[in-house]
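One-based numbering, in listed order, for ligands and for the atoms of each. Quick note: numbers below take in every heavy atom, side chains included, and nothing from hydrogens, waters or symmetry partners. In this chain, numbering begins with 1 at the start of the sequence shown.
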Amino acid sequence: MLSITFHWQLSQIPERAVKKHCKMCGKLSVFTDTNVRRHNANGKNIYQYAIYKCEKNHTWNQKLAIYKTFSEHIAEIEEQKEESSIMPAIPIISLAEQGIKVIHIVLDNVIGKHRIDKVLANQIEDWSRSQIIKKIEKGTIQLNEQVIKPSSRLSKRDRISIFID
Ligand SMILES: [Zn+2]
């Protein structure tokens, strides 16, 4: 079975939160920084966004920077390596398209309290938190080869397995 393994380090980062009107909720909502960063290229420009989510998991992309040239983009990538707290998002749909059936995530280090459903909702853009909760309850997302609760806390050396159906 084709599988892929990611290594994560979860740290206790002070939550960056912004009060902002959420179009989907139709009200003022608290958006929290997921610590996921995304780059979009558009012709000569590369845009860097921080991905924020409201309490209902609606996303808002805050534009952080625009890079105009290729050389500046290289410099920016080097800069981001230093920030170990930033983990890349897991592109479930594109991994599934490549024939990946199982995704393993090994937690090399865990500092602070982290719920499995919340961490996965932050790192997996293709699935909502409620979809992730259903998969944990169904057992297609497991922790150390066990079916666990969505509220389960993560510890150092835990192994998350995500089975793609
Ligand atoms: Zn919302």
Closest non-hydrogen atom pair, Leu143 against Arg153: CD2-O, 4.3 Å

Ignoring hydrogens and angles, tell me if any N or O in the side chain of Asp126 forms a donor-acceptor pair with the backbone of Ile93 under 3.5 Å. yes

Between Ile105 and Ile133, is there shared hydrophobic-cluster membership here, with clusters defined by ILVMFWY side-chain heavy atoms closer than 4.5 Å? no

At a cut-off of 2.8 Å, protein N/O/S around the Zn ion (ligand 1) gives Cys22 SG, Cys25 SG, Cys54 SG, His58 ND1

Please determine whether the number of non-hydrogen atoms from other residues, nucleotides or ligands lying under 6.0 Å from atom NZ of Lys149 exceeds 12. no

Evaluate the ring planes of Trp60 and Tyr52, with Trp represented by its six-membered ring, and classify them as parallel (under 30°), tilted (30 to 60°) or perpendicular (over 60°). tilted

Is it true that Phe31 and Leu28 fall in one hydrophobic cluster, defined by side-chain heavy atoms closer than 4.5 Å? no

